[in-house]
J.: 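Pasting in a structure now, in structure tokens, and then I'll have a few things to ask.
Quick note: numbers below take in every heavy atom, side chains included, and nothing from hydrogens, waters or symmetry partners. First the proteins, then the strands, lettered A, B, ... as listed; each starts at 1.
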Protein chains: 2
Amino acid sequence: MHEKVMSIGTVCDLTGLTERQIRYYEEKQLIFPVRSKGGAHKYSFDDVEKVKEIHSKLRDGFHTFELRKSGKVCCE
Amino acid sequence: MHEKVMSIGTVCDLTGLTERQIRYYEEKQLIFPVRSKGGAHKYSFDDVEKVKEIHSKLRDGFHTFELRKSGKVCCE
DNA sequence: CGTGTAAGGAATTCTGACACG
DNA sequence: CGTGTAAGGAATTCTGACACG
């Protein structure tokens, strides 16, 4: 489930989050989608799970830089 | 692996076929993608496998209507 | 810090059709 | 029959930025 095949819109559907949130997590290096020819970001099912967990941790009071350092959401 | 999450471009990448071929197999009711809000077709990994097999059978001399009837590529 | 939004451009996908054979 | 292509429109995604706080 680490094949990067879905676009951001699908990730939004699966997680219930917005494009903005997903792109922000990516900007903070918590997830690493691949780029297709046209520049579109492609995500895997693993990424979907990570995004959900990141959002959950943020609600618990954590910050993105803490999540990155702790490796709590870096499962590769 | 039956979750419909990828767009046709990704299916092309994974199968090596063209959009035209994939849409044709769909027109002949050999694969059944779901539609997202915007009208885009979404495919699953199962669909990718089916597409590969359909193409393989066609090269072997079969016709789309035969594949549909025989159920050789209808694994749902 | 994490997220919302308006902005313009670029790439993707869709449909129906003509073509070959 | 199965696939290629040119055609125009609609929906998607991208990036950088201003905003709040």
Side-chain angles (χ1 to χ4, degrees), chain A residues 3-45 47-48 50-74, chain B residues 3-45 47-48 50-74:
Chain A
E3 294 177 272
K4 313 280 190 180
V5 298
M6 51 187 127
S7 53
I8 195 160
T10 306
V11 179
C12 291
D13 288 345
L14 266 46
T15 62
L17 303 184
T18 65
E19 295 186 8
R20 187 68 168 91
Q21 292 173 297
I22 296 164
R23 293 216 180 91
Y24 184 67
Y25 301 160
E26 179 182 345
E27 186 186 324
K28 293 306 174 184
Q29 307 207 55
L30 292 174
I31 50 176
F32 308 89
V34 298
R35 311 299 289 263
S36 62
K37 310 77 209 159
H41 300 198
K42 297 295 207 166
Y43 307 82
S44 65
F45 280 102
D47 290 329
V48 169
K50 272 193 197 175
V51 167
K52 286 182 186 173
E53 187 168 342
I54 292 166
H55 185 61
S56 171
K57 299 280 190 190
L58 288 178
R59 274 182 317 193
D60 290 344
F62 288 94
H63 288 247
T64 55
F65 55 85
E66 297 175 310
L67 296 177
R68 179 154 32 80
K69 286 183 187 168
S70 70
K72 275 175 183 164
V73 292
C74 294
Chain B
E3 294 178 272
K4 313 281 191 179
V5 298
M6 51 188 125
S7 53
I8 196 160
T10 307
V11 179
C12 290
D13 289 344
L14 265 45
T15 62
L17 303 184
T18 65
E19 296 186 9
R20 187 67 169 93
Q21 293 172 296
I22 296 165
R23 293 216 180 91
Y24 184 67
Y25 302 161
E26 179 181 345
E27 185 187 325
K28 292 308 175 185
Q29 307 207 56
L30 292 173
I31 51 176
F32 308 90
V34 297
R35 311 300 289 265
S36 62
K37 310 77 209 157
H41 300 199
K42 297 294 206 166
Y43 308 82
S44 65
F45 279 102
D47 290 331
V48 169
K50 273 194 196 175
V51 167
K52 286 182 184 171
E53 188 169 343
I54 292 166
H55 186 61
S56 173
K57 298 282 188 189
L58 288 178
R59 273 182 319 194
D60 289 344
F62 289 95
H63 288 247
T64 56
F65 55 86
E66 298 175 310
L67 296 177
R68 179 154 30 82
K69 286 184 188 167
S70 69
K72 275 175 180 162
V73 292
C74 294

J.: Residues in side chain to side chain contact (heavy atoms under 4.5 Å, CB included) with Arg59(A), at least two apart?
T.: His55(A), Ser56(A)
J.: So, using side-chain hydrogen bond (donor to acceptor under 3.5 Å, both in side chains) as the criterion, who are the partners of Ser36(B) when residues are at least two apart?
T.: none
J.: Whole Å only: how far is the CG atom of Leu17(B) from the P atom of dT3(D)?
T.: 8 Å
J.: Between dT13(D) atom P and Lys37(A) atom NZ, what is the distance in whole Å?
T.: 15 Å
J.: List the residues meeting side-chain hydrogen bond (donor to acceptor under 3.5 Å, both in side chains) with Arg23(A), not counting sequence neighbours, and say none if there are none.
T.: Glu19(A)
J.: If you check the Ile8(B) side chain, which of dG2(D), dT13(C), dG4(C) turns out closest?
T.: dT13(C)
J.: Nearest nucleotide by nearest heavy atom, which residue falls closer to the 5' end of DNA chain D, Gly38(B) or Tyr25(B)?
T.: Tyr25(B)
J.: Using the ring-ring contact (aromatic ring centres under 6.0 Å, His included) criterion, which residues pair with His63(B)? Sequence neighbours excluded.
T.: Phe65(B)
J.: Base, sugar-phosphate, or nothing: which does Ser36(B) touch, judged by heavy atoms less than 4.0 Å apart?
T.: nothing
J.: Enumerate the protein-to-nucleotides 15-17 of chain C contacts in which both atoms are nitrogen or oxygen and the separation is below 3.5 Å.
T.:
unit_1, atom_1, unit_2, atom_2, d
dT15(C), OP1, Arg35(B), NH2, 2.8

J.: Would you kindly give the CZ-to-P distance between Arg59(A) and dT3(C), to the nearest whole Å?
T.: 11 Å
J.: Rounded to whole Å, how long is the line connecting atom NE2 of His63(B) with atom P of dT3(D)?
T.: 11 Å
J.: Quick one: pull up OG1 in Thr18(B) and CD1 in Ile8(B) and give me the separation to the nearest 0.5 Å.
T.: 8.0 Å
J.: Could you work out, with side-chain hydrogen bond (donor to acceptor under 3.5 Å, both in side chains) as the rule, every residue matching Thr10(B), not counting sequence neighbours?
T.: Lys42(A)
J.: Report the residue from Lys4(B), Glu26(B), Glu3(B) that forms a side chain to side chain donor-acceptor pair (under 3.5 Å) with Tyr43(B).
T.: Glu26(B)
J.: In which ranges does DNA chain D form stems of 3 or more consecutive Watson-Crick or G-U pairs, distances under 3.5 Å?
T.: C:2-5 with D:17-20, C:17-20 with D:2-5
J.: So what does Thr18(A) touch, heavy atoms closer than 4.0 Å: a base, only the sugar-phosphate, or nothing?
T.: sugar-phosphate
J.: Nearest whole angstrom, please: distance from the P of dG2(D) to the CD1 of Ile22(B).
T.: 16 Å
J.: What is the distance from OH of Tyr24(A) to C1' of dT3(C), rounded to the nearest Å?
T.: 9 Å
J.: Which residues pass the side-chain hydrogen bond (donor to acceptor under 3.5 Å, both in side chains) test with Tyr24(B), sequence neighbours left out?
T.: none
J.: Taking the side chain of Leu58(B) as its heavy atoms from C-beta onward, which of dT13(C), dT13(D), dG2(D) lies nearest to it?
T.: dG2(D)
J.: Find which nucleotide of DNA chain C each of Phe65(A) and Lys42(A) is nearest to by heavy atoms, and output the residue with the more 5' nucleotide.
T.: Phe65(A)
J.: Going from CD on Glu53(A) to CG on Leu67(A), what distance comes out if it is rounded to the nearest 0.5 angstrom?
T.: 8.5 Å
J.: Does a side-chain N or O of Ser7(A) approach OP1 or OP2 of dT13(D) to a distance below 4.0 Å, or not?
T.: yes
J.: Take the protein atom CG of Asp13(A) and the nucleotide atom C1' of dT13(D), then report the distance between them rounded to whole Å.
T.: 14 Å
J.: Rounded to whole angstrom units, what separation is found between the CG atom of Leu30(A) and the C1' atom of dG2(C)?
T.: 12 Å
J.: Identify, with sequence neighbours excluded, every residue that meets salt bridge (charged side-chain N to carboxylate O under 4.0 Å, His left out) alongside Lys52(B).
T.: Glu49(B)
